[in-house]
Amino acid sequence: MKYTYPAILTPLDGGEYDIQIPDLPGCRTCGTDLYDAIRMAGDAAAMWLWDAENHGEAIPEPTTLHVKEPQQTTFIIADTEEYRRKYETRTVKKTLSIPGWLNVKAEQAGVNFSQLLQDALKSHLHIDHP
């Protein structure tokens, strides 16, 4: 799922930036420059939202921000699906049942059951990425 939230950028000494996303309590990070801060904020927001999705928690609605100089606002895009693909790489064992005759044929043909199931699930769910 993709989300967009407003964020507050606060310049720090040395060119660094502090960045916080008030709609996501505790979601705050920093970066060595503006680009790095925005990139880090997208990752932090994706992690916050990924955790909320995994625990069935309500996802906050974005609100409007008003700040005073020297602070600035920007929008952060957080993609929890991309975050999952990147960080949720552990394998999960699944037990399934197929007819015995089909199992024999598949084993004789050297079928990799795990790979076949992954490929079939990606196709069924219309997932293009590896």
Side-chain angles (χ1 to χ4, degrees):
M1 183 83 175
K2 288 187 180 179
Y3 302 90
T4 303
Y5 283 94
I8 299 172
L9 287 157
T10 305
L12 305 172
D13 295 336
E16 295 100 359
Y17 284 86
D18 173 81
I19 188 164
Q20 62 179 323
I21 304 167
D23 294 321
L24 307 178
C27 190
R28 183 179 208 146
T29 189
C30 61
T32 56
D33 56 30
L34 186 57
Y35 173 81
D36 187 51
I38 292 170
R39 184 182 60 79
M40 295 291 288
D43 192 57
M47 180 173 55
W48 195 103
L49 292 159
W50 167 83
D51 186 65
E53 287 176 353
N54 285 350
H55 289 97
E57 297 170 3
I59 303 297
E61 290 293 322
T63 58
T64 303
L65 297 178
H66 301 284
V67 297
K68 295 181 181 176
E69 290 287 336
Q71 292 180 324
Q72 306 169 40
T73 60
T74 190
F75 286 94
I76 301 301
I77 297 171
D79 186 341
T80 55
E81 290 302 317
E82 181 180 322
Y83 188 87
R84 265 189 190 81
R85 287 191 300 273
K86 188 173 181 181
Y87 296 107
E88 215 176 81
T89 58
R90 74 190 191 293
T91 58
V92 178
K93 184 175 178 137
K94 300 303 272 180
T95 302
L96 57 103
S97 300
I98 61 173
W101 66 266
L102 187 56
N103 182 60
V104 170
K105 291 282 190 189
E107 286 179 347
Q108 288 172 346
V111 171
N112 179 329
F113 288 90
S114 293
Q115 189 62 55
L116 182 62
L117 179 57
Q118 288 178 53
D119 293 344
L121 286 170
K122 287 176 187 175
S123 175
H124 182 76
L125 299 170
H126 308 290
I127 298 172
D128 300 349
H129 57 82

Of all the heavy-atom pairs spanning Pro6 and Thr63, show the shortest one and how long it is. CG-O, 3.0 Å
I'd like to know if the side chain of Asp51 reaches the main chain of Met47, judged simply by a donor and an acceptor atom lying under 3.5 Å from each other, with no hydrogens or angles considered. no
Which atoms form the tightest heavy-atom contact between Pro22 and Ile8, and what is the distance? CG-CD1, 3.7 Å
Shortest non-hydrogen separation from Trp50 to Thr80 and the atoms involved: N-CG2, 3.6 Å
If the threshold is 4.0 Å, N to carboxylate O, is there a salt bridge linking Glu53 and Arg84? yes
Exactly one candidate in Leu24, Asn54, Ile21 meets side chain to side chain contact (heavy atoms under 4.5 Å, CB included) with Leu49; the answer is Leu24
Look up atom NZ in Lys86 and atom CG in Asp79, then write down how far apart they are to the nearest 0.5 Å. 11.5 Å
Distance from Lys94 atom NZ to Leu121 atom CG, nearest 0.5 Å? 9.5 Å
Quick check for you: to the nearest 0.5 Å, what is the distance between Lys105 atom NZ and Trp101 atom CH2? 8.5 Å
So His66 and Thr64, side chain to side chain contact (heavy atoms under 4.5 Å, CB included) or not? Walk me through it. CA-CA 7 Å; His66 301 284; Thr64 303; 3.8 Å; yes
Can you confirm whether Leu12 is buried at CG, in the sense that more than 12 heavy atoms of other residues, nucleotides or ligands lie under 6.0 Å from that atom? yes
Answer yes or no: is there a donor N or O on one side and an acceptor on the other, between the side chain of Asp18 and the main chain of Thr10, under 3.5 Å? no
Check this for me: Glu61, atom CD, are more than 12 non-hydrogen atoms of other residues, nucleotides or ligands nearer than 6.0 Å? no
I need the minimum non-hydrogen distance between Leu9 and Ala37, along with the two atoms involved. CD2-CB, 4.3 Å
Between Asp119 and Lys122 (salt bridge meaning N to carboxylate O under 4.0 Å), is one present in this structure? no
Could you tell me whether a side-chain N or O of Trp48 sits under 3.5 Å from a main-chain N or O of Asp43, the two making a donor and an acceptor? no
Looking at side-chain heavy atoms only, is the closest gap between Ile77 and Tyr3 below 4.5 Å? no
How far does NZ of Lys93 sit from OG of Ser114, to the nearest 0.5 angstrom? 9.0 Å
Does the side chain of Tyr5 reach to within under 4.5 Å of the side chain of Pro60, using non-hydrogen atoms? yes
Any donor-acceptor pair under 3.5 Å from Tyr83 side chain to Ala78 backbone: no
Minimum-distance pair of heavy atoms, taken over all atoms of Ile98 and Leu96: CG2-CD1, 3.7 Å
Asp23 versus Pro62, closest heavy-atom pair with distance: OD2-CA, 3.3 Å
So among Asn103, Leu102, Leu116, which one has a side chain to side chain contact (heavy atoms under 4.5 Å, CB included) with Val111? Leu116
Side chains of Thr4 and Ile76: closer than 4.5 Å at any heavy-atom pair? no
